[in-house]
Amino acid sequence: MSTNTFMKNATAAPEFRLLVIAVFIFGLMSVLSPDRFLSSQNLTSMAFQFPEFAILALAMTIAMMTGGIDLSVVGVANLSAVVAALILTQFSDTGMPASQSAIWLAIAITAALCVGAIAGLINGSLVAFFGLPPILATLGSGLVFTGFAIAMTGGSAVMGFPETVALIGNAKLVGIPVPLILFALLAVLLHLILTRTAFGLRVTMYGANPLAALYAAIDINRMLLKVYVIAGMFSSIAGLIVMSRANSAKADYGSSYLLLAVLIAVLGGVNPYGGYGRVIGVVLAVLSMQFLSSGLNMLQVSNFARELIWGALLILVMVMNTHAVAALRGSFAKSSK
Amino acid sequence: MTKLFPRDFWTRNETLVAGVIVLFCIIATLSDPRFFTITTVSDLLRASIVIGILAVGAMLVLVSGGIDVSFTAIAVFAMYSSTVLSLAIWPGIPWPMIFVISVIFGAGLGAVNGFFIAFLGLPTLIVTLGTLSIFRGFLLTFIGSQRISDLPPSMRDFSRGVIARGTTEAGNFYSIPWAVLALFFVIVLTWFILKKTMLGRSIYAIGGSVESARRIGINVKWTQFFVYVYVGALAGLAGIIHGSVGRMADPFSLVGLELSVIAAVVLGGARLIGGYGTLTGTMLGVALIVIVQNSLIVVGIPTTWQSVTIGVLILLGTGVPAYRAKRAAAQAG
Amino acid sequence: MSSDHDTAFIDLRAITKRYAGVTALDSVDFTVQPGEAVCLAGENGSGKSTLIKIISGVEPATEGTIHIAGQERTTLNPRISAAAGVMVIFQDFSLFPNLSVAENIAFATQLSTHQRFFKARASRDIASAALDRIGVEIDLDARVESLPVAQKQLVAICRALASKAQLIIMDEPTTALTDKEVRRLQGIIRMLKDEGVAVIFVSHKLAEVLEVSEKVVVLRNGKKVAEGPASDFDTQSLTYHMTGRDVPIVPPSDVTAGAQTLMEVKGLGKVGSFADINFELKTGEVLGITGLLGSGRTSVAKALFGLVAPDSGSIRVDGQPVPIGDPQAASTARIGYVPEDRLTEGLFLSQSILRNVAVGRLDAHTSSGFLNMGDLAEEAAEWLRRLKVKAPDIEAPVQSLSGGNQQRVALARWLSRAPRVLILNGPSVGVDVGSKADIHDIIRDLASQGIGIIVISDDLPELLATCHRILVMRDGRIIDTLDGKSVTEDDLAHRLAS
Amino acid sequence: ADGHSKNIATVVKIAGIQWFNRMEEGVKQFAEETGMNAFQVGPAQADPQQQAALIEDMIAQGVDALAVVPMSPEALEPVLGRAMEAGITVITHEAAAQQNTTYDLEAFVNEDFGANLMEQLATCMGGEGEYAVFVGSLTSQTHNQWVDGAIAHQEANYPNMTLVGDKNETFDDAEQAYTKSQEVLRAFPNIKGMQGSASTDVAGIGRTIEERGMEDDTCVFGTSLPSIAGQYLETGAVDGIGFWDPAVAGEAMNKLAVMVMNGEEVTDGMDLGLPGYESVSLDGKVIYGQAWVNVNQDNMSEYPF
Ligand SMILES: Nc1ncnc2c1ncn2[C@@H]1O[C@H](COP(=O)(O)OP(=O)(O)OP(=O)(O)O)[C@@H](O)[C@H]1O
Ligand SMILES: Nc1ncnc2c1ncn2[C@@H]1O[C@H](COP(=O)(O)OP(=O)(O)OP(=O)(O)O)[C@@H](O)[C@H]1O
Ligand SMILES: [Mg+2]
Ligand SMILES: [Mg+2]
């Protein structure tokens with residue numbers, strides 16, 4: 001294949017348009033508020049901000065690839081964080097030497113990941129074995145997970161962690177924020193899973209045609225379980241980052257992230273009916289959102305307007321991706337007579 | 001002899017949901033005999049009005065093969081802006097006019113959805129997810145974000161209007177507001193459209209197969225457009241009722257409820273793939289959600305566990321029929 | 001010629017239809033006179049369905065003019081076309097699974113009368129009249145989704161009959177019908193002709209084609225390559241025009257089955273569906289299973305592959321029991337199944353050809369957790385080459401292929417898994433003659449390699465051309481076992497219908 | 001920044017609602033009087049993470065001081081810690097337990113405010129009977145402190161009153177408060193009093209009371225604003241509300257911020273020169289005023305917000 005056609009294919013992809021949009025927003029904000037938006041302060045601050053919801057968007061992505069959705073991500077994140085936080089506050093204290101608290105931190109992280117995995121197993125079972133529509137299964141289970149987090153804490157925040165906990169969400173490794181590193185690792189991991197493993201290909205194929213997947217002897221139940229377990233564990237990682245950044249855990253943290261995660265995944269080009277989605281698209285969508293959001297904050301634009309712009313951006317991208325304008329012309333040409 | 005029950009009576013979702021409702025009521029009555037009173041019934045009925053109207057709309061969209069998550073934003077937008085408009089130009093405006101304005105606003109916003117979905121052919125979930133943000137963002141940015149409790153007086157009059165109100169000899173209070181008639185009207189109108197007009201049958205047909213519908217000459221675009229406009233109008237109606245009866249135009253309310261409403265509709269047997277859904281089922285689904293949400297104190301569930309309880313009930317309510325359907329499909333091969 | 005154009009009900013001139021990259025029709029002239037039965041023949045992908053979509057207004061033509069009933073139609077949509085009297089039975093039926101039989105049949109008719117209100121009674125009347133006309137009984141209140149394929153096709157036919165059409169277009173209406181029903185349909189076509197209704201008939205079953213039509217139009221690669229009275233054609237010449245080459249008429253299979261027992265099915269039964277199914281399949285044997293509509297053929301086939309859980313019985317491959325009701329177990333036991341309905345069951349239409357083939361071989365090409373994409377593509381390409389799949393690019397979505405090529409892709413998936421037993425349900429449904437002969441060759445070739453093959457079909461020549469033995473089913477039971485070499489087509493037809 | 005004009009960002013829980021619009025009036029007033037660049041921002045959704053992100057952005061754009069009303073104080077510790085490290089003066093409000101703050105300004109001691117509402121409720125109920133309490137959410141610390149303070153006050157002083165049921169959760173939604181209060185009435189028909197916490201609570205409760213014509217049989221008190229509860233105060237469905245003036249609080253926060261930046265010291269008993277904060281008490285980093293206002297039918301017209 002010549003580089004020319006390669007370029008042509010690459011520029012025709014929906015992800016390319018997202019790249020253009022991301023760059024455009026970045027450029028616009030830089031122009032509108034050059035000294036502030038381009039300050040290293042701001043760039044670092046943005047890098048600390050987005051990984052929390054970006055990881056949730058990754059969790060959403062894999063669920064959507066199967067034609068499902070995971071509305072329990074925030075519930076799982078908070079339940080995991082609450083469990084980790086309870087372990088930390090029970091067994092360690094702020095004055096503990098770092099070496100000791102690190103052990104407890106490791107245990108707490110393991111516990112959180114287990115919570116995510118179990119929650120994923122529950123979601124997966126509801127979808128695979130009981131045949132619930134994912135949107136309802138995870139809506140219900142999300143309430144249950146959040147409910148458990150409330151019941152375990154009585155609704156108040158769990159706090160008082162050893163200092164090591166703060167590292168996950170606030171430290172830098174060779175100048176790069178740790179949450180950003182975590183997000184990058186997870187994004188690469190998910191990309192590899194989806195494009196380079198048998199499981200990932202099956203996920204895509206199942207999303208494209210579940211019935212054909214059945215006839216192709218794909219073990220659908222196992223595959224769905226894995227999908228939701230991955231989504232659950234990603235959510236717990238997001239939960240741990242939130243916990244570290246908030247230095248506390250609570251049942252209602254990040255409640256606005258749910259719709260945001262759905263919005264980002266869809267903006268990133270993931271087909272909510274399954275069968276198509278690329279991690280790079282999701283990453284670009286996340287960046288666009290963050291640039292927009294921080295930029296508008298600097299310009300002191302009302303945060304409500306930001307919601308408006310998000311929604312408009314989503315629809316704009318869709319109009320560009322599908323040949324909607326041609327469709328419109330066609331539909332009026334036909335009905336005009 | 002006419003059949004007493006339809007052939008599939010015992011296997012229908014409706015039957016199951018009705019069963020769950022009866023079971024729940026029995027348990028509630030056993031745990032507190034006062035549960036089963038006219039007071040409870042009238043309280044629940046009032047709580048069902050707004051959700052019920054919204055659910056009818058959500059059902060219609062599901063039947064047509066789409067999904068709408070923006071209807072709560074439409075409801076709030078229509079309610080709030082019609083209130084603001086009325087206060088600005090004619091505070092003494094009679095309530096039916098405010099209602100009409102709100103319904104028109106709702107229909108207009110529904111038309112925005114309809115335009116993107118029917119004429120631009122964009123996926124319904126994405127469009128309505130986008131317009132949810134847009135409508136809400138626009139409302140709060142440009143129209144207002146304050147709760148207004150100084151409503152036009154006629155809206156308060158509406159909220160005080162009752163069909164029946166009183167206290168039984170046993171001391172049980174009941175009150176049936178006018179707004180119930182709106183729910184009743186919406187149900188009858190929608191029933192008529194769905195069952196008795198070609199338009200309604202076309203909505204089912206499109207939900208069954210868009211391509212087939214197009215091929216036999218159904219005007220798919222205008223039918224879809226109608227669905228979203230109608231649903232927008234219903235949302236406008238639900239919104240203004242919510243505002244009047246609650247005596248507060250709160251631009252932050254309702255949004256966030258959309259998924260629960262859709263859950264209620266699916267509980268009642270509508271399918272997310274389109275083509276299936278009945279009004280009876282929808283109302284039963286609404287009833288179940290409303291009963292559960294408003295009986296947890298009576299049943300004695302601590303506040304900290306209420307979220308878990310509602311979640312489990314949604315899972316049971318949708319899980320049991322889903323599991324049975326799965327089994328039945330496996331049986332049939 | 002000009003008088004032809006004057007009187008024609010349908011008159012297409014120089015119609016060209018281009019899809020992105022494909023010229024599906026290339027300057028085709030096409031006329032249909034009132035009351036004429038025209039047969040549209042051509043290989044898969046030759047443009048038959050496209051021509052039909054243009055006449056019925058589903059797709060606009062890129063170039064050319066369309067006259068219907070003497071009037072030029074610059075804008076055409078299904079509504080206008082239907083109003084002008086054109087009714088179509090689409091290849092995929094285009095029914096509404098969620099609506100009742102009555103509504104499915106009557107909907108188009110009621111729509112065409114511009115009525116605003118829906119009358120349930122009228123709808124039932126229209127439907128039962130249509131059903132009566134072809135002498136079929138189907139529960140009017142049943143939901144179409146619950147019907148077997150053949151009945152769905154009958155419903156689609158009734159829908160076209162119900163309307164007061166001037167022209168009925170049937171795009172492969174007989175694929176799911178058994179012989180008896182095909183005869184009935186031919187009777188209907190004659191009846192329609194007598195009533196002055198024109199018919200356009202698309203089919204791959206050449207005998208049928210010649211039997212019912214007056215005029216034959218042959219398309220190849222989007223071009224009209226032959227046109228004339230049906231009496232001018234025979235199977236041989238028709239095949240020649242369609243394929244551009246002579247397809248040899250293959251003699252019945254001469255590969256001998258091996259001696260080893262490969263698969264053993266004992267006492268397989270499922271309440272309400274089939275019972276007491278016993279047979280053995282030897283290595284290299286091709287076993288046919290046939291039967292009338294609803295006889296349980298498909299259910300048995302699905303049970304063998306684990307898609308249906310039988311209540312009783314056992315399946316062994318190479319003497320090892322295969323857990324029943326589990327497709328993965330069946331697949332591990334190297335049983336393969338190519339389903340009847342390519343579009344919904346067989347293929348992932350939006351996915352690439354490569355993926356459609358490779359999905360069966362993912363685990364084999366996984367090392368240390370990751371797929372070896374190169375190997376996967378190489379292997380898939382090799383199979384596509386062996387099965388002579390005509391595809392522009394292995395990364396193209398499979399929906400861009402024509403029916404015959406799609407079927408080969410479905411076959412390639414299972415062949416790449418080196419199956420011991422391969423179950424083919426309707427291997428040549430909706431496949432053109434050229435491809436069909438190829439597929440039969442492939443079947444014989446596979447058998448000669450020692451694979452046991454089960455062919456489920458009601459295409460009798462196909463069964464005779466490929467099978468060593470044929471099981472005949474009725475009411476869920478095997479009523480006959482016939483020897484493929486000695487049985488004749490008439491004999492088989494007789495046993496099926498008796 | 002130069003010594004005169006400073007950038008002071010007031011970050012509130014959520015933008016646009018009455019309460020914080022009123023606070024913004026105070027912030028603007030302050031900006032006008034002092035010529036400082038004082039402005040107010042808030043997230044679009046009531047989510048601690050959104051507020052944290054907003055503060056993060058404010059730090060990045062280099063404000064000199066932050067006046068924060070935390071949605072969830074714990075969640076803001078790290079980000080406020082970073083702010084202080086960056087040399088930004090931080091003043092918080094409604095967050096007595098906040099660690100990373102220069103000073104926290106409280107209109108009053110939360111438990112005392114709850115007890116104050118309870119005192120009125122108890123008086124209205126004649127010191128006996130059943131009552132129920134409502135909170136916006138179980139996760140809201142201040143709401144819980146008010147209610148806990150109220151219950152403690154009742155237990156200590158009014159033994160003949162009994163609390164029935166749990167803390168009822170209304171999710172800051174009048175509709176929820178309406179249905180919850182109906183349910184409470186069904187479950188406990190003898191109930192005499194209800195105390196709300198979220199500003200919408202008494203509106204929902206009042207609607208229930210009015211609908212059932214129980215204005216004279218019940219006592220309803222809670223935190224709210226006249227603009228929200230006014231119509232129910234008029235009819236007597238709600239008997240009284242308490243609040244503090246957010247405009248004054250906003251102005252006070254900004255004033256404090258400037259004082260700190262100018263190196264002035266806050267001392268116990270100091271006069272901030274604002275109503276309710278004439279003689280503040282200092283407890284560690286927490287500055288308490290006595291700024292609550294009790295409003296009923298008679299004096300509601302004095303508070304037009
Ligand atoms: N929507 C489409 N987009 C692109 N190409 C298409 C489309 N529809 C059909 N084609 C192509 O047009 C050609 C003609 O297709 P058509 O469906 O008319 O064939 P056919 O003669 O009906 O074949 P079959 O016997 O398999 O049904 C094929 O090459 C097909 O791949
Ligand atoms: N004798 C019978 N009476 C009633 N129903 C029957 C009878 N035999 C079969 N059926 C029904 O028909 C179904 C058999 O369908 P199946 O698809 O196996 O038939 P088939 O002949 O393979 O159909 P096709 O022609 O589509 O391949 C069973 O599920 C059963 O419900
Ligand atoms: Mg075709
Ligand atoms: Mg009172």
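Letters A, B, ... mirror the listed sequences (proteins, then strands); counts begin at 1.
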inquiry  = So if I take each residue of residues 267-277 of chain B and look for any heavy atom under 4.5 Å from a heavy atom in chain C, which residues do I end up with?
reply    = B:Arg271, B:Gly275, B:Tyr276
key: Portion of C:Leu111 that has a non-hydrogen atom of chain B nearer than 4.5 angstrom   = both
query = Looking at B:Val265, B:Thr190, B:Ile187, B:Val63, which hits side-chain contact (heavy atoms from CB on, under 4.5 Å) with B:Thr282?
reply = B:Val265
Identify all side-chain donor-acceptor contacts of residues 78-90 of chain C below 3.5 Å with residues at least two apart in sequence or on another chain.
residue : atom : partner  : partner atom : Å
C:Arg79 : NH1  : B:Gly217 : O            : 2.8
C:Ser81 : OG   : C:Ile55  : O            : 3.2

inquiry  = In terms of relative ring orientation, are B:Phe225 and B:Trp222 parallel, tilted or perpendicular, with 30° and 60° separating the classes?
reply    = perpendicular
request  = Using the salt bridge (charged side-chain N to carboxylate O under 4.0 Å, His left out) rule, collect all pairs that involve residues 197-215 of chain B, keeping only residues at least two apart or in two chains.
outcome  = B:Arg201-C:Glu103, B:Glu211-B:Arg214, B:Glu211-B:Arg215, B:Arg215-C:Asp92
message = Please list all pairs meeting ring-ring contact (aromatic ring centres under 6.0 Å, His included) that have one or both residues in residues 192-216 of chain B, counting only residues at least two apart or in different chains.
response = B:Phe192-C:Phe117
query = Checking heavy atoms, do the side chain of B:Ile193, its backbone, both or neither come under 4.5 Å from chain C?
reply = neither
query = Has the side chain of C:Ser123 got a donor or acceptor atom that lies under 3.5 Å from a matching backbone atom of C:Lys119?
reply = no
query = What option among C:Ser56, C:Ser94, C:Gly325 has the most heavy-atom pairs under 4.5 Å with chain B?
reply = C:Ser94
ask   = Are the side chain of B:Ser102 and the backbone N or O of B:Leu237 linked by a donor-acceptor pair below 3.5 Å?
value = no
Most chain B-contacting option - heavy-atom pairs closer than 4.5 Å, from C:Ser163, C:Pro97, C:Ala309 = C:Pro97
request  = Find the one option among B:Ala205, B:Ala213, B:Ser209 whose heavy-atom pairs under 4.5 Å with chain C are most numerous.
outcome  = B:Ala205
task = Just say parallel, tilted or perpendicular for the rings of C:Phe96 and C:Phe107, cut-offs at 30° and 60°.
result = tilted
